[in-house]
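Here the structure comes first, spelled out in structure tokens, and everything after it is commentary.
Keep in mind it's a predicted model, so treat the numbers as computed, not measured. FYI, the numbering just counts along the sequence from 1.
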Amino acid sequence: MQLFDRPRFQRAMRLAFWCALLGAVALAVVPQPPDLGTGGLGDKFNHMLAFGTLTVLACLAFPQAGRLRIAERLSFLGALIEVVQAMPVVARDCDIRDWIADTLAIALALALVHVVLPRLRARWP
């Protein structure tokens, strides 16, 4: 059985995915998010980093789920976060460009997974 197919590995990836998801959503809805130390690369970079990471973790945690389904669900999450940020109680700005950055990061991460994962599978028993 390969490393990526082992139940223990998948459980670890699911835990990592859910922790990353909760962290990303929490940072998205707090009125004043902390500085993540990304060197001034900007808000769009933070969005792309979060959703790229979530995509890779989702692909590793839920290998039986189709990649298009993962993309659709995570893109919907990005849109939902923007809707929540539009609520006055959250005191954040809703920006469709943030959702576009999320979706682009998801697409790029899926392309990366499509290229890299088969190579890793071939090398690791």
Are the side chain of T55 and the backbone N or O of F51 linked by a donor-acceptor pair below 3.5 Å? yes

So do C59 and L117 actually touch side chain to side chain, heavy atoms under 4.5 Å? no

If I compare all heavy atoms of S75 with all of I106, which pair ends up nearest, and what's the gap? N-CD1, 3.4 Å

Tightest non-hydrogen contact, residues A50 and A24, listed as CB-CB, 4.5 Å

Same cluster (ILVMFWY, side-chain, under 4.5 Å), L104 and V56: no

Pick out which of T53, L57, L77 makes a side chain to side chain contact (heavy atoms under 4.5 Å, CB included) with L21. L77

Return all side-chain donor-acceptor pairs below 3.5 angstrom for residues 83-95, not counting sequence neighbours, or 'none' if the list is empty.
residue, atom, partner, partner atom, Å
Q85, NE2, A28, O, 2.7
R92, NH1, L27, O, 3.0
R92, NH1, A28, O, 3.1
R92, NH1, V30, O, 2.8
D95, OD1, R97, N, 3.0
D95, OD1, R97, NE, 3.1
D95, OD2, K44, NZ, 3.4
D95, OD2, R97, NE, 3.4
D95, OD2, R97, NH2, 3.2

Any side-chain to backbone donor/acceptor pair from W99 onto E82? Under 3.5 Å, distance only. no

Nearest 0.5 angstrom please: L80 CG to D102 CG, how far? 11.5 Å

Rounded to the nearest 0.5 angstrom, the CG-CZ distance for L60 and F17 is 11.5 Å

Point-to-point distance, once rounded to the nearest 0.5 Å, from CG of L110 to CZ of R67: 7.5 Å

So if you build clusters from Ile, Leu, Val, Met, Phe, Trp, Tyr with side-chain heavy-atom gaps below 4.5 Å, do I100 and I81 land together? no

For the hydrophobic clusters of this structure (ILVMFWY residues joined by side-chain heavy atoms under 4.5 Å, transitively), does one cluster hold both I70 and F76? no

Please indicate whether L22 has more than 12 foreign heavy atoms, meaning atoms of other residues, nucleotides or ligands, lying under 6.0 Å from its CG. yes

How far apart are the C-alpha atoms of M13 and Q10, what are their side-chain angles, what is the distance that settles it, and do they pass the side chain to side chain contact (heavy atoms under 4.5 Å, CB included) test? CA-CA 5 Å; M13 290 300 103; Q10 289 179 1; 5.6 Å; no

Would you check if L108 and M48 make a side-chain contact, meaning some heavy-atom pair closer than 4.5 Å? yes

